[in-house]
K.L.:
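Let me give you the structure first, and then I'll get to my questions.
To find a chain, count down the sequence lines: A is the first, B the second, and so on, and within it residues start at 1.
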Amino acid sequence: MPAELPVPEARSLHFIEEIVEADRVLGKHGGRVLTRFPPEPNGYLHIGHAKSICLNFGLANTYGGATNLRFDDTNPVKEDVEYVDSIREDVHWLGFQWKGEHYASDYFPFMYDYAEHLIQQGKAYVCDLTEAEIREYRGNFHTPGKPSPYRERSPEENLELFRRMKAGEFPDGSRVLRAKIDMQSGNMNLRDPLMYRIRRAHHHRTGDTWCIYPMYDYAHGVSDALETITHSICTLEFEDHRPLYDWFLEQDGEGKFFQRPLPRQIEFARLNLTYTVMSKRRLLQLVQDGIVRGWDDPRMPTLCGLRRRGYTPESIRAFAEKVGVAKRDMVADAGLLEFCIREDLEKRAPRRMAVLRPLKVVITNMTEGEAFEVEVPNHPEDASMGTRRLSFTRDLFIDQDDFREVAPRKWFRLAPGAEVRLRGACLVTCREVVKDPAGNVVELRCEWDPASRGGNAPDGRKVKGTLHWVSATHAVRAEVRLYEPLFTQEDPMGVPEGQDWKALLNPGSLETLTEAWIEPSLASAQAGERFQFERTGYFCVDADSRAGAPVFNRTVGLKDSWSKIEAKGC
RNA sequence: UGGGGAGUAGCCAAGUGGUAAGGCAGCAGGUUUUGAUCCUGCGUACCGAGGGUUCGAAUCCUUCCUCCCCAACCA
């Protein structure tokens, strides 16, 4: 029937797409595809979630389906609306529109009814064991569990007890509802897992309506089935929960509760990134310990952090596409993420000039106050981005990195006696180096070639080096924040036993430059605007910017082959 | 020592019995008023290891090894 299956462009299918296509060929779900992204609103989304979001929405997109956003809010003590809002914002920012917005808590009444059904079928029972006793009765990997003494209570008694649990007649933690499955199972999840616990906590949506709350394993599959999700995608650690996922839904023998076919859980490998941590617990620690400034610190792998850093949604989607989908535990190279943002910004970021660490240059054959204008393209390969005019004056700033008193081999930049091009302006030759009493180079006195206006000498002589510059009389001072990885080791979690993972923190992950000079047009840039500062990298205006006090974040540097050459040559 | 997964180049990842795609990284060139971009070329990957089946195996069988997950009233 499905004559033509849409195939993702120029790429082989990953295993989940193959499953979806096989289902479509069989006509399962009538060819329908409905996925869901089910975050628990207890933290901020990070790049790992982005992989899952792209997978779920991407699948729906390529097969003409849809994706629901569902908040998995079954544990009121951990969850909060603050997170609901940030999650909605982040998913939208990534570029996705969900079909239904749901909350597991919306299904609490239904879940309660279905639980009664399980009780009536003799598939669930109220257990009075304490938390410690339950753990003890459950056994461990080596010894099978033993049945709870309450396991054989009659459906009538269970029903009455469960109703009284719901009615608030018992104290928190005094009883639970358990599924009656198999205490001998090698799969610990099947040793009569908990379905409900008593917990008098205020829920961000249901308030104080309930004092019993369902557990993940019970709530998740039921929620999926209610929404008629076709493919329920989750990460590898839920693999051995799948029999439980299926079990709960299959107890609806006559099909009174759920539409068939039932959803299918499929697991894939979560994303890990080198030089960072991804778990909510770790990220929270970084925030709480003040190691970063907050969840949106540009060094954080959170979506709000990446956004503030200057990453585009497109680059993150491209990254998710490039890392692939499979079942092997994987650690993606942080360099791939950098590649993705450079690839995107290379095309769309207007070029500007900014001097990060200023070194004063005086053009000796110009007079103070003398100036001429030059027209500089905003993108070397995209004329549609236009040009801008810059004033060239006697006093300039160039970057300290672009001058060496003794030039190493293959040095194309400025050095005593050397000639370089100042981008878009002219050729200059360094005639004199001025030092302070301590011997630091504080000023360069250069001579410009008036015949080279625009950047080329009429005699055709070749000048290898081109430097960015800024007019000292027109430039605006700015703060620039440079970022390096948060950790010094690829796998911060791979610390030796007993050692603190925080010992691997990179003390130089943030460097703040307070005396950068930017070309005037940059002073009015709005927070979030992105530029390429020629020769130094891609930058984004930070939200901390104020009128007259712009702040830029370096999203990522440009590839730097000179540093490699120098490293090899010396 | 129980259950569930996974092992293909530094990092990802195709491949589903016919003789190892692609991307990132790296290396070497070329172009270039960003040492950027762009373009070109470059990897015997003993396909975790050993046996076996087969004319032929990364793909099938078998034994073994390694790594990851599971013993929250977390998700």
Side-chain angles (χ1 to χ4, degrees), chain A residues 10-14 18 38-40 42 72 74-75 77-79 127 129-131 134-135 138-145 172-178 184-191 194-199 213 215-217 219-220 234-243 267 269 274 280 319 321-340 342-343 346-347 351 353 376-377 379-381 410-413 420-425 427 454-456 463-468 490 532-537 557-566:
Chain A
R11 192 203 67 206
S12 52
L13 301 181
H14 61 241
E18 283 179 351
E40 181 186 15
N42 71 341
D72 219 336
T74 57
N75 187 358
V77 309
K78 287 190 176 180
E79 296 144 9
C127 182
L129 255 24
T130 63
E131 193 172 341
I134 286 176
R135 188 164 30 245
R138 187 152 40 215
N140 56 43
F141 298 152
H142 310 296
T143 61
D172 283 10
S174 61
R175 282 177 228 257
V176 294
L177 181 71
R178 291 230 248 171
Q184 316 283 320
S185 176
N187 182 346
M188 302 294 291
N189 296 120
L190 265 22
R191 320 248 264 225
L194 274 56
M195 291 173 62
Y196 273 93
R197 73 282 215 186
I198 303 173
R199 180 168 290 182
Y213 290 96
M215 303 288 290
Y216 166 86
D217 285 305
H220 203 89
C234 62
T235 45
L236 254 27
E237 68 269 27
F238 292 101
E239 213 149 15
D240 47 19
H241 289 237
R242 196 189 328 135
E267 312 84 13
T274 55
K280 277 180 190 168
F319 173 70
E321 177 70 27
K322 284 179 193 297
V323 294
V325 177
K327 297 191 73 161
R328 295 165 57 179
D329 290 322
M330 55 92 75
V331 184
D333 190 335
L336 181 60
L337 219 209
E338 295 193 337
F339 168 82
C340 291
R342 284 194 191 106
E343 181 184 47
E346 156 61 27
K347 296 192 298 280
R351 312 288 125 126
M353 290 200 279
V376 185
H379 190 115
E381 287 163 41
K410 296 185 180 174
W411 178 258
F412 303 159
R413 282 120 93 153
V420 298
R421 175 164 36 237
L422 292 183
R423 177 104 231 235
L427 265 24
N456 279 317
V463 175
K464 294 278 277 185
T466 299
L467 311 187
H468 57 283
E490 273 199 10
Q532 182 197 94
F533 288 176
E534 294 212 42
R535 304 208 309 129
T536 59
L558 256 29
K559 269 177 67 178
D560 178 13
S561 58
W562 162 248
S563 65
K564 287 179 191 169
I565 293 169
E566 186 175 35

K.L.:
Contact class for Lys347(A) vs. all strands (heavy atom < 4.0 Å): base, sugar-phosphate, or nothing?
P.N.:
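Since no nucleic acid heavy atom lies under 4.0 Å of Lys347(A), the category is nothing.
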K.L.:
Counting just side-chain N and O atoms, does Thr536(A) come under 4.0 Å of either OP1 or OP2 of U34(B)?
P.N.:
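No.
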K.L.:
Is there aromatic stacking of Phe339(A) on A25(B) here, judged by a ring-centre distance under 5.5 Å and a plane angle under 30°?
P.N.:
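No.
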K.L.:
Taking CE from Met188(A) and P from A72(B), how many angstroms apart are they, rounded to a whole number?
P.N.:
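Those two atoms, CE and P, are 7 Å apart.
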K.L.:
For G35(B), does either OP1 or OP2 sit under 4.0 Å from a side-chain N or O belonging to Arg535(A)?
P.N.:
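For G35(B), OP1/OP2 do have a side-chain N/O of Arg535(A) under 4.0 Å.
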K.L.:
What's Glu18(A) touching, base or sugar-phosphate or nothing? Going by heavy atoms closer than 4.0 Å.
P.N.:
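Base contact.
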K.L.:
Return the polar atom pairs (N/O with N/O) between nucleotides 8-11 of chain B and the protein under 3.5 Å, or none.
P.N.:
unit_1	atom_1	unit_2	atom_2	d
U8(B)	OP1	Arg328(A)	NH2	3.4
U8(B)	OP2	Arg328(A)	NE	2.8
U8(B)	OP2	Arg328(A)	NH1	2.7
U8(B)	OP2	Arg328(A)	NH2	2.0
C11(B)	O3'	Val331(A)	O	3.1
C11(B)	O2'	Val331(A)	O	2.8
C11(B)	O2'	Asp333(A)	N	3.4

K.L.:
Categorize Tyr196(A) for me: base, sugar-phosphate, or nothing, with a 4.0 angstrom heavy-atom threshold over every strand shown.
P.N.:
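No contact.
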K.L.:
Are the ring of His468(A) and the base ring of U34(B) both nearer than 5.5 Å at their centres and tilted by less than 30°?
P.N.:
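Here the ring of His468(A) and the base of U34(B) are not stacked, as the 5.5 Å and 30° limits are not both satisfied.
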K.L.:
Can you figure out which of A13(B), C73(B), A75(B) approaches the side chain of Glu131(A) most closely?
P.N.:
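Closest nucleotide to the Glu131(A) side chain: C73(B).
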K.L.:
Just to be sure I understand the rule, does Pro380(A) reach a base, reach only the sugar-phosphate, or reach nothing, if contact means heavy atoms closer than 4.0 Å?
P.N.:
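Base contact.
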K.L.:
Compare the minimum distances between each of C74(B), G15(B), G26(B) and the side chain of Arg199(A), then state the nucleotide with the smallest one.
P.N.:
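Among the listed nucleotides, the one closest to the side chain of Arg199(A) is C74(B).
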K.L.:
How far apart are the closest heavy atoms of Tyr196(A) and Met215(A), and which atoms are they?
P.N.:
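That closest heavy-atom pairing would be N-CG, 4.2 Å.
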K.L.:
Could you tell me how far apart Asn140(A) (CG) and U1(B) (P) are, to the nearest whole angstrom?
P.N.:
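Distance check: Asn140(A) CG to U1(B) P gives 13 Å.
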K.L.:
If you look at every strand shown and take non-hydrogen atoms under 4.0 Å, does Leu336(A) touch a base, only sugar-phosphate, or nothing?
P.N.:
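Sugar-phosphate, backbone atoms only, no base.
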K.L.:
How long is the line joining CD of Glu267(A) and P of C68(B), in whole Å?
P.N.:
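After rounding, the reported distance stands at 19 Å.
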K.L.:
Using a heavy-atom cut-off of under 4.0 Å over every strand shown, decide if His220(A) touches base, sugar-phosphate, or nothing.
P.N.:
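Nothing: the residue His220(A), judged by heavy atoms under 4.0 Å, touches no strand.
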K.L.:
Within the structure shown, what part of the strands sits under 4.0 Å from Arg342(A) by heavy-atom distance: base, sugar-phosphate, or nothing?
P.N.:
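No contact.
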K.L.:
For G2(B), take OP1 and OP2 only and decide whether either is under 4.0 Å from a side-chain N or O of Arg138(A).
P.N.:
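Negative; the distance criterion is not met.
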K.L.:
Nearest-nucleotide wise, let me know which of Gly424(A) and Gly324(A) is further upstream toward the 5' end of RNA chain B.
P.N.:
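Its nucleotide being nearer the 5' end, the pick is Gly324(A).
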K.L.:
Please state whether the phosphate of C74(B), meaning OP1 or OP2, lies under 4.0 angstrom from any side-chain nitrogen or oxygen of Thr74(A).
P.N.:
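No, because none of the side-chain N or O atoms of Thr74(A) sits under 4.0 Å from OP1 or OP2 of C74(B).
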K.L.:
So what does Glu381(A) touch, heavy atoms closer than 4.0 Å: a base, only the sugar-phosphate, or nothing?
P.N.:
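Base, at least one base atom sits under 4.0 Å.
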K.L.:
In whole angstroms, how far is the P atom of U34(B) from the CG atom of Asp560(A)?
P.N.:
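My rounded result for the distance is 15 Å.
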K.L.:
How many Å lie between CG on Asp217(A) and C1' on C69(B), as a whole number?
P.N.:
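Going from CG in Asp217(A) over to C1' in C69(B) covers 14 Å.
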K.L.:
Does the G3(B) base have a donor-acceptor partner in the side chain of Asp240(A) within less than 3.5 Å?
P.N.:
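By the distance-only test, yes, there is a pair.
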K.L.:
Given atom CD1 of Ile565(A) and atom C1' of A36(B), what is their separation to the nearest angstrom?
P.N.:
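Rounding to the nearest Å, CD1 of Ile565(A) and C1' of A36(B) are 13 Å apart.
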K.L.:
Answer yes or no: is there a side-chain heavy-atom contact under 4.5 Å between Glu239(A) and Lys327(A)?
P.N.:
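Sidechains of Lys327(A) and Glu239(A): in contact.
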K.L.:
Is the aromatic ring of Tyr216(A) within stacking range of A75(B), meaning centres under 5.5 angstrom and planes under 30 degrees?
P.N.:
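By the stated criterion, Tyr216(A) and A75(B) do not stack.
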K.L.:
How about Asp72(A) and Glu79(A): do any of their side-chain heavy atoms sit closer than 4.5 Å?
P.N.:
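Not in contact.
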K.L.:
I need the minimum non-hydrogen distance between Pro144(A) and Gln184(A), along with the two atoms involved.
P.N.:
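Scanning both residues, the minimum pair turns out to be CB-OE1, 3.7 Å.
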K.L.:
Quick one: CZ on Arg535(A) to CZ on Arg423(A), what's the gap to the nearest 0.5 Å?
P.N.:
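Separation between the atoms: 10.0 Å.
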K.L.:
When the distance from CE of Met215(A) to C1' of C73(B) is rounded to whole Å, what number comes out?
P.N.:
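Computing the Met215(A):CE to C73(B):C1' distance gives 6 Å.
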K.L.:
Describe the nucleic acid contact of Asn42(A) in one word from base, sugar-phosphate, nothing, applying a heavy-atom distance below 4.0 Å.
P.N.:
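Here Asn42(A) touches no strand at all.
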K.L.:
Between Lys280(A) and Arg135(A), which has a closest nucleotide on RNA chain B that is more 5'?
P.N.:
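This one resolves to Arg135(A).
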K.L.:
If a stem is a run of at least 3 consecutive Watson-Crick or G-U pairs, both distances under 3.5 Å, which stems include RNA chain B?
P.N.:
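RNA chain B forms these stems: B:2-7 with B:65-70, B:10-12 with B:22-24, B:26-30 with B:38-42, B:48-52 with B:60-64.
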K.L.:
If we only count heavy atoms from C-beta on, is the Ser174(A) to Ile198(A) side-chain gap below 4.5 Å?
P.N.:
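Yes, at least one pair of side-chain atoms sits under 4.5 Å.
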K.L.:
Side-chain N or O of Arg191(A) less than 4.0 angstrom from OP1 or OP2 on A72(B)?
P.N.:
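Looking at the OP1 and OP2 atoms of A72(B), neither is under 4.0 Å from any side-chain N or O of Arg191(A).
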K.L.:
Is there side-chain contact between Glu534(A) and Gln532(A), with heavy atoms separated by less than 4.5 Å?
P.N.:
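Yes, at least one pair of side-chain atoms sits under 4.5 Å.
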K.L.:
Do Thr274(A) side-chain atoms and Ala334(A) backbone N/O form a donor-acceptor pair below 3.5 Å?
P.N.:
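Yes: the side chain of Thr274(A) pairs with the backbone of Ala334(A).
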K.L.:
Give a yes or no on this: more than 12 heavy atoms of other residues, nucleotides or ligands lie within 6.0 Å of atom NZ of Lys347(A).
P.N.:
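Above 12, so yes.
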K.L.:
Roughly how far, to the nearest 0.5 Å, is the CZ atom of Arg242(A) from the CG atom of Asp217(A)?
P.N.:
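The CG atom of Asp217(A) sits 13.0 Å away from the CZ atom of Arg242(A).
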K.L.:
Any donor-acceptor pair under 3.5 Å joining the side chain of Arg413(A) to the base of G35(B)?
P.N.:
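When only heavy-atom distances are counted, Arg413(A) does reach the base of G35(B) through a donor-acceptor pair under 3.5 Å.
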K.L.:
For Leu337(A), answer base if it contacts any base atom (sugar-phosphate contacts may also be present), sugar-phosphate if it contacts only those atoms, and nothing otherwise; contact means non-hydrogen atoms under 4.0 Å.
P.N.:
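Touches nothing.
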K.L.:
From CG of Leu190(A) over to P of G3(B), roughly how many Å is that when rounded to an integer?
P.N.:
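Between P of G3(B) and CG of Leu190(A): 14 Å.
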